[in-house]
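Throughout, protein chains are lettered first and strands after them, A, B, ... in sequence-line order, and every chain is numbered starting at 1.
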Amino acid sequence: MHTNKVRVRFAPSPTGGLHLGGVRTVLYNYLFARQHKGVFIVRIEDTDQSRFVPGAEEYIFNCLKWAGLEPDESVVQGGKYGPYRQSERKPLYRKYAEQLVADGHAYYAFDTPEELDKMRADFKTEQNPSPQYDQHIRGRMRNSLTLPPEEVKHLLDSGAPCVIRIKMPADEVVSFTDMIRGEVNFNTSVVDDKVLLKADGMPTYHLAVVADDYLMEITHAFRGEEWLPSAPVHVLLWKYLFGIDKMPQWAHLPLILGPNGKLSKRDGAKYGFPVFAMNWTDPKTNELTEGFKEKGFLPEAFINMLALLGWNDGTGQEIFTKDELIEKFSMERVHSGGAKFDYEKAKWFNHEWIKQSEPAKLRQQVKQVLAAKNIPAADDLLLDKVILLVKERCHLLTDFAEQAAFFFVAPETYDMDAVKPKWNESKQLFFTEIIRNFELAIVWNAPDLEHNFKEIAAANHLKPGEVLLPFRIMLVGGKFGPHVFDIATLLGKQETIRRIKHFLSLLQ
RNA sequence: GGCCCGUUGGUCAAGGGGUUAAGACGCAUCCCUUUCACGGAUGAAUCACGAGUUCGAUUCUCGUACGGGCUACCA
């Protein structure tokens, strides 16, 4: 049954938007799997039924699809290790928990939520603000370790609500080797008796992750650093249940920090930059949180940026294609320290990707951006030329709306302040002459246009600079855009003349 | 509070006993460009602090400080 094939998994709980850190975990899983010709699995961790959020699961897969990080096995792709949704695996877990009880590594606990609250309140001191259900406390609680066997049997038989807790050893050192951090040690004396199986029969993450990683033959397990403190529980579970030699290799990824510590789903919209891969609408509040996709990011750039957030190949190279990442990524070169997310740098990555993309590659996305602003761009040939001309000044795909619009529709407003104060009779004459000259033009290209333009300017005793800016405003509406003669070329003879005439009429 | 993880410029970071301590983002100035960008150039770090090991520590060890995470019948 066991193979040597690399099998990794991303195990999200479908409770809301998929944020940066989640996508990066997916990415590292994906890259690792591809590099080792292994299998990438997505397993849905939906054991907490109270946190079910409709649509969240589908949303996650949409994000993965957009990012180009689709799994080989999952609820969508299927596979031989299913079901891939833990809620559908519910019957599998109980036997492992019971086995642990039978082996003396776990016990039944009958404490009610109220009793647990009371315990926490009673034992709370300044020295110990959050008392745990651990070896010091379990002797005072209602569980199969403290209750007489007959009573335990009675409670069990009568179906009294009960959980199964791991019985942490009194004083053992649990250690394992993390692929990023090296050897990590914990003393079991300070780890609490985590619940393994909940009263509703569902496993907690702790039991589920171990059982499913075993059942799905996971060879390498990557997750966020926030899981490090509970790693000893998982290591012990592996030891008790399946043998430590079968345990996957762990890598605890450094956290991606926001301005105030760990990025959280809750604060999704409050940072001034996106944290989710794609737009997420909370089904309860109907609140929309903007995603990187909708903000105007290219998936290639998004992935590239995420890969470099915590990893680099040591050469200084920053722009990587997905294939390059697959080839060069290594878990050993992942940083151990958390990284503060820098939105400016993220935009730089996107800019780089836009600049080096062929117009045809950007065409559909740019079309969508323009369509959203009701700007028609049906002519692909024209659109491609426009994209080529303006892409270097677009950091986000949405920037194309401003940078490309005037090629398709005449400006609605003009920066009059840049023209009017310096307008005079000779400029007026110059542009009427330009119109005549353009109307007679047989060839229509940038060099000839520029040549004629400057020659006429000289004949009118005008410096080119005096009339270049007004000309730009006439065509574009503002002080921006590519070289003005390139714009006129693409606009075409009729439209260029039309815009000059129109602007001249506005000046009257 | 306890436990765990971290700490090289504002941010991402290379380097892991002897270096002028890379590079990128951002910022500033300049060049190019009679718009805006692109491109190019230049500028900015006593490697958190204190001990120790050493001929020599940014690099190794230990403390301290600071930052972060965890401390639920959530993941």
**Student:** Tell me if the centroids of the rings in A:Tyr205 and A:Trp227 come within less than 6.0 Å of each other.
**Tutor:** yes

**Student:** Counting side-chain heavy atoms from C-beta on, which of B:C5, B:C38, B:C25 comes nearest to A:Leu228?
**Tutor:** B:C5

**Student:** Answer with yes or no whether A:Lys194 presents, from its side chain, a donor or acceptor under 3.5 Å of a partner atom in the base of B:A72.
**Tutor:** no

**Student:** Given atom CD1 of A:Ile473 and atom P of B:U35, what is their separation to the nearest angstrom?
**Tutor:** 12 Å

**Student:** Once you measure the plane-to-plane angle for A:Phe430 and A:Phe453, does it fall in the parallel (<30°), tilted (30-60°) or perpendicular (>60°) bin?
**Tutor:**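 Perpendicular, since the angle between the ring planes exceeds 60°.
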
**Student:** So, does A:Asn312 get its side chain near the phosphate of B:A14, meaning an N or O under 4.0 Å from OP1 or OP2?
**Tutor:** yes

**Student:** Give me the ring orientation class for A:Phe503 and A:Tyr414: parallel if the planes are under 30° apart, tilted from 30 to 60°, perpendicular past 60°.
**Tutor:**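 Aromatic pair A:Phe503/A:Tyr414 classed perpendicular.
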
**Student:** Which nucleotide, in any strand shown, forms a Watson-Crick or G-U wobble pair with B:C25, with both distances under 3.5 Å?
**Tutor:**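 Per the H-bond distance test, B:G10.
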
**Student:** More 5' along RNA chain B: A:Val184 or A:Glu450, using each one's nearest nucleotide?
**Tutor:** A:Val184

**Student:** Need the pair for B:U53. Rule: Watson-Crick or G-U wobble, both distances under 3.5 Å, any strand; none if unpaired.
**Tutor:** none

**Student:** Contact class for A:His483 (heavy atom, under 4.0 Å): base, sugar-phosphate, or nothing?
**Tutor:**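 Base contact - A:His483 has a heavy atom under 4.0 Å of at least one base atom.
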
**Student:** Please tell me which of the listed nucleotides, B:G68, B:U35, B:U34, lies nearest to the side chain of A:Leu257?
**Tutor:**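 Of the options given, the side chain of A:Leu257 lies nearest B:G68.
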
**Student:** Please tell me whether A:Phe292 and A:Phe302 form a close aromatic pair, meaning their ring centres lie under 6.0 Å apart.
**Tutor:** yes

**Student:** Determine whether the aromatic ring centres of residues A:Phe341 and A:His19 are separated by less than 6.0 angstrom.
**Tutor:** no

**Student:** Now, which nucleotide makes the Watson-Crick or G-U wobble pair with B:A48, with each of the two distances under 3.5 Å?
**Tutor:** B:U64

**Student:** A:Glu126 near the nucleic acid: base, sugar-phosphate alone, or nothing, with a heavy-atom cut-off under 4.0 Å?
**Tutor:**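 If one applies the 4.0 Å heavy-atom cut-off, A:Glu126 turns out to touch the sugar-phosphate alone, with no base involved.
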
**Student:** Taking a pair as Watson-Crick or G-U wobble with both distances under 3.5 Å, which nucleotide is matched to B:C30?
**Tutor:** B:G40

**Student:** Whole Å only: how far is the OH atom of A:Tyr108 from the P atom of B:C73?
**Tutor:**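 Nearest whole value for this atom pair: 19 Å.
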
**Student:** By nearest heavy atom, map A:Glu344 and A:Thr315 onto RNA chain B; which one lands nearer the 5' end?
**Tutor:**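 Result: A:Thr315.
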
**Student:** Using purine N1 to pyrimidine N3 plus N6-O4 or O6-N4 for Watson-Crick, or N1-O2 and O6-N3 for G-U wobble, both under 3.5 Å, which nucleotide pairs with B:A75?
**Tutor:**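 Matched B:A75 with nothing under the 3.5 Å cut-off.
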
